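This one's a predicted model, so the numbers in the text were calculated from it and none came from an experiment. Quick note: numbers below take in every heavy atom, side chains included, and nothing from hydrogens, waters or symmetry partners. Below, read A as the first sequence line, B as the second, and so on, with proteins coming before strands; counting in each chain starts at 1.
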2 protein chains.
Amino acid sequence: MRHKNYEKYRKIIDAATKVFAKKGFYNAKVSEIAQEAGIADGTIYIYFKHKDDILISLFEEKMQEVLDNMKKQISLESDPLKKIEKFALVHLKLIQDNKDIAEIIQVELRQSSKFMKNYHNTKFFEYLDLIGRIIQEGQEKGLVREDILPGIAKRAFFGALDEMSRFWVLSKKPKYDIETASRQISGFFINGIKK
Amino acid sequence: MRHKNYEKYRKIIDAATKVFAKKGFYNAKVSEIAQEAGIADGTIYIYFKHKDDILISLFEEKMQEVLDNMKKQISLESDPLKKIEKFALVHLKLIQDNKDIAEIIQVELRQSSKFMKNYHNTKFFEYLDLIGRIIQEGQEKGLVREDILPGIAKRAFFGALDEMSRFWVLSKKPKYDIETASRQISGFFINGIKK
DNA sequence: TTAAAAAATGAATCATTATTCATATTAGAA
DNA sequence: TTCTAATATGAATAATGATTCATTTTTTAA
């Protein structure tokens, strides 16, 4: 199914992205998504099992793009501390350039236990782990303090970026520009963990 | 209304806390809350305008407690950097001791735009601002670097703690104990911002 | 060109639940 | 104790919207 007509599959995902971002998952009607995609309600059920499935698929698709992009950008830097700087900048840029996706990842996907507890979110852990590995690399190269626990540090760093994102997603006009925000956040994170 | 029978009002809030935490706001039935509270469905509508109103009230109540507690604890320290350490410890302890509340604040309340965009969340901003003021105090006393923007730093620090909380709320058994986690997080935050 | 298969349609179904309200119970005043 | 107002009850209502499926349209391949 997923391979028969990828184009339409994507069209539905894109429509859903808009509608979920605007209304929130539970308040979004399947018929609205269909309308936004310019197809009939029933057609959605040819491509997706049910409404939940749209959200999950949407997330998988978008997250894969984010992940690929981030890996590529990171690999351009060799210094682990520079990689952290880069991570912050790329992450916040992504949020700014894709408000709808950001809002869904931010708000909708975290939503109920249904999604976060039951659906084991591999892609998200992979993303988090990019940070973890940078920190470990930094420790191996003697740039990062040995007593830093990468499992905690990666979450702290991601959380810092993420809270900044939430702030942007939820406020009308960003108060700080991305360069400033990313410089500040990576700045004190790096200062905090370096030797 | 709110003052007539505060006891029952609280009973409903407590029941809702349990049910929302378990099922998520949208999947929680008003009748389940009523059952958990040991009252009839209709009684809920004597104390609350509608389902949304329960979530909002719940949040206001709980957040006020959290806020009062945090203010008290913080005021016991005089050194701003110690205050930050204390903040982290108290915050994470709260999460650990109140899983249900944590889950709701964490997951449910951030949920749809409905709550986060339309309902202006004063209590949350007040909480965030506790951190902001500690940082400013640190700058005034010459302990924190002048180039740190408190508006960004407070979000980063809160975000770091919050992401750690999410991890706990969503995973069965905590991998790190609170003392370790809070020491690590406040540790590199303080290192990151201090002169 | 034509027939079968695949894809798309959208009106109808059907379950689900928030909310209401006529009725019953309880508490407090007289 | 009795009456009245305040509370509480829970069955009935009524809207909602996800999902199905009989029918139509489009595509494919012979």
May I have the distance from [X] (atom [atom1]) to [N] (atom [atom2]), rounded to whole angstrom?
X       : N      : atom1 : atom2 : answer
B:Phe48 : C:dT20 : CZ    : P     : 15 Å
A:Ile33 : D:dG17 : CD1   : P     : 12 Å
B:Glu7  : D:dT7  : CD    : P     : 14 Å
A:Ile46 : C:dG10 : CD1   : P     : 12 Å
A:Ile54 : D:dG17 : CD1   : P     : 15 Å
B:Lys11 : D:dA8  : NZ    : P     : 9 Å
A:Tyr6  : C:dA7  : OH    : P     : 17 Å

Applying a 4.0 Å non-hydrogen cut-off, can you work out what B:Ile44 is touching in the nucleic acid: base, sugar-phosphate, or nothing?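 Counting heavy atoms under 4.0 Å across all strands, no contact is made by B:Ile44.
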Short heteroatom pairs, N/O only, protein and nucleotides 26-29 of chain D, under 3.5 Å:
none

Atom CD of residue position A:Glu60 - does it have more than 12 heavy atoms of other residues, nucleotides or ligands inside 6.0 Å?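 It does: A:Glu60 CD has more than 12 such atoms within range.
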Side chains of A:Gln64 and A:Asp68: do they bring a donor and an acceptor to under 3.5 Å?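 Side-chain D/A pair, A:Gln64 to A:Asp68: present.
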Would you please say whether a donor-acceptor pair under 3.5 Å links the side chains of B:Asn27 and A:Tyr26?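 Result is yes, a qualifying pair exists.
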Does B:Tyr47 have a side-chain nitrogen or oxygen under 4.0 Å from the phosphate oxygens OP1 or OP2 of D:dA8?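 B:Tyr47 to D:dA8 OP1/OP2: side-chain N or O found under 4.0 Å.
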Distance check: side-chain N/O of A:Asn5 vs OP1/OP2 of C:dA8, anything under 4.0 Å?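 For A:Asn5, the contact criterion (side-chain N or O under 4.0 Å from OP1 or OP2 of C:dA8) is met.
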Checking side chain to side chain contact (heavy atoms under 4.5 Å, CB included) against A:Lys18, which of A:Ile104, A:Asp100, A:Ile33 comes through?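 Only one option passes, and that is A:Asp100.
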Does A:Lys51 qualify as a cation-pi partner of A:Phe25, given the criterion of NZ or CZ under 6.0 Å from the six-membered ring centre and within 45 degrees of its axis?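 Yes - A:Lys51 lies over the ring of A:Phe25, closer than 6.0 Å to its centre and within 45° of its axis.
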Where the side chain of A:Arg183 meets the backbone of A:Glu85, is there a donor-acceptor pair that is under 3.5 Å apart?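 The answer is no, because no donor-acceptor pair under 3.5 Å joins these two groups.
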If only atom types and distance count, is the side chain of A:Asp129 paired as donor or acceptor with the main-chain N or O of A:Phe125 below 3.5 Å?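 Not a single qualifying donor-acceptor pair exists.
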More 5' along DNA chain D: A:Thr43 or B:Ile39, using each one's nearest nucleotide?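 Counting from the 5' end, the first nearest nucleotide belongs to B:Ile39.
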May I ask you to decide if the ring planes of B:Tyr127 and B:Phe158 are parallel, tilted or perpendicular, using 30° and 60° as cut-offs?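 Perpendicular.
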Detail all sub-3.5 Å separations between protein N/O atoms and N/O atoms belonging to nucleotides 13-19 of chain C.
| residue | atom | partner | partner atom | Å |
| --- | --- | --- | --- | --- |
| C:dA18 | OP1 | B:Ala28 | O | 3.4 |
| C:dA18 | OP1 | B:Lys51 | NZ | 3.4 |
| C:dA18 | OP2 | B:Val30 | N | 2.8 |
| C:dT19 | OP2 | B:Tyr45 | OH | 2.8 |
| C:dT19 | OP2 | B:Lys51 | N | 3.1 |

Contacts of type side-chain hydrogen bond (donor to acceptor under 3.5 Å, both in side chains), residue A:Thr180, not counting sequence neighbours: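 Checked A:Thr180 against side-chain hydrogen bond (donor to acceptor under 3.5 Å, both in side chains); matches are A:Asp177.
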